[in-house]
Number of protein chains: 2
Amino acid sequence: MITIKDVAKKAGVSVGTVSNVINNIDIVSESTKRKVFKAIKELNFKPNIIARSLSKGKTDNIAIIVPEINNPFFPELIRGITDFLETKGYYAIIINTDNNAEKEEIFINGLNSFLVSGIIIAPADSKGKDFRVLSELKIPIVIVDRESDNLNDDTVIVNNHKGAYDAVNYLINCGHKIIIILCGSNHTKTAQNRYIGWRKAMEENNLFNDDYIYWGDFTIDSGYKMMDEVLKKFKKVDAVFASNDIIAIGAMQAIRENGLRIPEDISIIGFDDIYFSKLLSPPLTTIRQPVYEIGSMAAEILLKKIEGKSELKNICRYVIDGELIIRDSVAKKAGS
Amino acid sequence: MITIKDVAKKAGVSVGTVSNVINNIDIVSESTKRKVFKAIKELNFKPNIIARSLSKGKTDNIAIIVPEINNPFFPELIRGITDFLETKGYYAIIINTDNNAEKEEIFINGLNSFLVSGIIIAPADSKGKDFRVLSELKIPIVIVDRESDNLNDDTVIVNNHKGAYDAVNYLINCGHKIIIILCGSNHTKTAQNRYIGWRKAMEENNLFNDDYIYWGDFTIDSGYKMMDEVLKKFKKVDAVFASNDIIAIGAMQAIRENGLRIPEDISIIGFDDIYFSKLLSPPLTTIRQPVYEIGSMAAEILLKKIEGKSELKNICRYVIDGELIIRDSVAKKAGS
DNA sequence: TAATAAAATTGAATCGATTAAATTTATTAA
DNA sequence: TTAATAAATTTAATCGATTCAATTTTATTA
């Protein structure tokens with residue numbers, strides 16, 4: 001192993017000087033710099049990141065905690081985050097909690113600032129979870145995609161309320177009246193806010209009905225089951241607002257298996273615009289989240305906090321608007 | 001920050017003893033152990049992983065290098081790897097190269113054993129790439145999913161040859177004769193071996209024809225384009241063997257857009273069995289890779305190598321059989 | 001009870017870089 | 001030429017845990 005000592009010896013200078021050179025501390029004369037660079041190259045020296053971390057008291061790792069790596073939404077979020085991080089010399093440690101609050105807790109408890117100097121977290125689905133450990137860590141944190149009552153920190157999130165409101169209004173404008181909502185987990189603010197958006201649009205158009213509300217969670221399975229119940233209960237349903245695309249996919253399966261056609265018999269709209277939504281048959285109309293951008297934004301904010309460059313001292317919520325993507329899963333009724 | 005010194009002082013013992021306690025070195029008397037544990041608990045001490053890594057000369061990080069995190073195959077592979085790693089106290093640093101050999105190279109060059117003590121890599125698509133840096137690192141490496149001529153190390157991989165052979169034989173048994181192959185990138189062994197499997201089955205049945213071969217890469221787009229060309233060139237095609245599910249998805253789109261039905265007009269079979277394949281319409285018949293298991297197997301092998309427990313000194317290839325999953329995208333012709 | 005062996009504990013060196021005070025060398029002004 | 005100042009360089013302490021030789025304590029045996 002080539003160390004800074006070897007370089008110093010070869011270049012005929014002290015370790016302090018080598019350190020100054022590799023850290024771009026501009027106090028070293030040009031001629032010494034040249035000697036040092038030459039030695040570094042000849043020895044193929046690479047500084048030991050661990051040793052550096054120890055003496056600097058910080059690491060170049062940040063943790064990304066996601067609830068479900070199988071929902072393509074999250075790999076794309078990760079891509080947005082890591083693409084940004086890597087340009088700045090940071091590495092991402094990725095933890096997939098599989099929506100298991102316990103697993104999340106174990107990881108967070110084991111976590112300390114020695115391992116990572118920042119965290120980007122999309123909390124697992126869990127009501128009233130205690131995130132005190134996280135705040136006690138005194139590590140910069142950015143929350144993405146899912147808010148939590150018990151975690152109060154900088155947040156980058158899509159405008160769930162408005163997105164849902166827009167989606168439902170689109171359904172209404174297409175002439176639909178009986179509009180079911182298949183919610184995600186009631187333990188997530190995400191699902192709650194999408195519900196509120198649905199409710200607002202329904203109430204404004206005098207279409208609101210308690211019976212239209214189904215709570216489940218953000219899985220294909222849950223979407224399938226909820227839709228199955230809907231079809232058992234209702235003789236006639238105009239349209240379905242699925243709280244995310246994954247739920248929509250499950251619901252579409254249930255609809256098809258019940259011998260109904262999309263959108264001729266039932267229209268459906270989703271939320272997220274994951275990559276596969278455009279490939280479904282019919283391609284899914286949905287609210288697109290700029291998820292890659294949300295990821296890189298979260299990373300940028302986190303690095304600013306880590307490097308102490310954050311302009312604002314108070315906590316910020318960055319709320320990004322989604323966009324209605326019209327495809328073929330919603331029918332336009334005559335006269336609409 | 002609470003250090004081992006603080007614990008030693010509080011417990012009234014030396015740092016060496018505290019170190020022995022937290023490292024389970026069974027030389028400490030029960031009574032001292034109790035004192036130390038008490039102090040650890042009271043101070044909420046957590047060992048500094050960085051300092052430990054420095055003095056032990058190894059880290060608890062391993063790198064996972066994947067070519068495309070957007071193909072759901074890889075998140076599932078990552079899940080298999082990390083679930084295993086986490087039980088052993090290792091963390092995964094995930095690098096997505098987006099099939100960009102240059103990006104992969106930059107990362108690998110920046111890599112050193114201080115950062116990670118092992119690597120699991122599914123190389124980016126690149127012909128004749130030079131992996132010498134990797135072997136010079138002297139870090140344990142396990143290759144998954146994609147082999148490379150220039151990387152020779154323990155490998156966990158599905159039996160691509162047999163899988164393709166089985167898939168094509170299934171098509172043949174269903175009565176298909178004109179069977180196109182949509183290959184992935186010619187720069188990957190994966191695509192090459194699947195091609196060889198196709199070819200063997202075709203030749204054995206006297207169905208082989210050079211014109212049936214299309215080379216592209218492992219993307220939806222490529223699948224779409226190749227299929228489009230096929231449909232322009234051939235009046236009649238019985239079936240398509242797509243080199244992976246992603247290609248199949250693109251091809252299915254092209255087929256549909258050309259006004260043809262699956263499987264009535266054209267049958268199609270994929271490879272991988274990614275999560276979404278069963279959700280397509282029609283659900284895709286494909287060769288299932290036990291990807292989660294491949295991931296945990298790779299992780300297990302890697303940890304054995306890292307911890308020096310590897311029984312065998314020579315390089316091993318673990319070849320796992322895929323499984324034909326019959327769904328609805330292949331038609332059975334009369335008399336077959 | 002002394003001698004010896006075994007067990008438990010200590011403490012200083014170490015890992016490889018950073019950092020800041022101390023020292024040396026170069027530059028400028030008088 | 002010398003003193004004062006600025007620039008460049010060195011040196012040693014430091015980060016927090018591990019490790020092992022040295023020492024102390026405890027247990028065993030004669």
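Note that this is a predicted model, so its numbers are computed, not measured.
Under the 3.5 Å distance criterion, with hydrogens and angles disregarded, no donor-acceptor pair is assigned to the side chains of A/S185 and A/T188.
Pairing of D/dA3, defined by two Watson-Crick or G-U wobble distances under 3.5 Å, is identified with C/dT28.
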Under 4.0 Å protein heavy-atom contacts per nucleotide of nucleotides 7-17 of chain C, with B for base, S for backbone only and - for none: -SBBB---BBB
Test salt bridge (charged side-chain N to carboxylate O under 4.0 Å, His left out) applied to B/K189 and B/D149, step by step: CA-CA 8 Å; B/K189 279 239 169 181; B/D149 285 327; 3.3 Å; yes
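Heavy atoms from other residues, nucleotides or ligands lying under 6.0 Å from NZ of A/K103 number more than 12. Counting non-hydrogen atoms of neighbouring residues, nucleotides and ligands closer than 6.0 angstrom, the NZ atom of A/K46 exceeds 12 such neighbours.
Residues B/N70 and A/Y275 are not in side-chain contact: their nearest non-hydrogen atoms beyond the backbone lie 4.5 Å or more apart.
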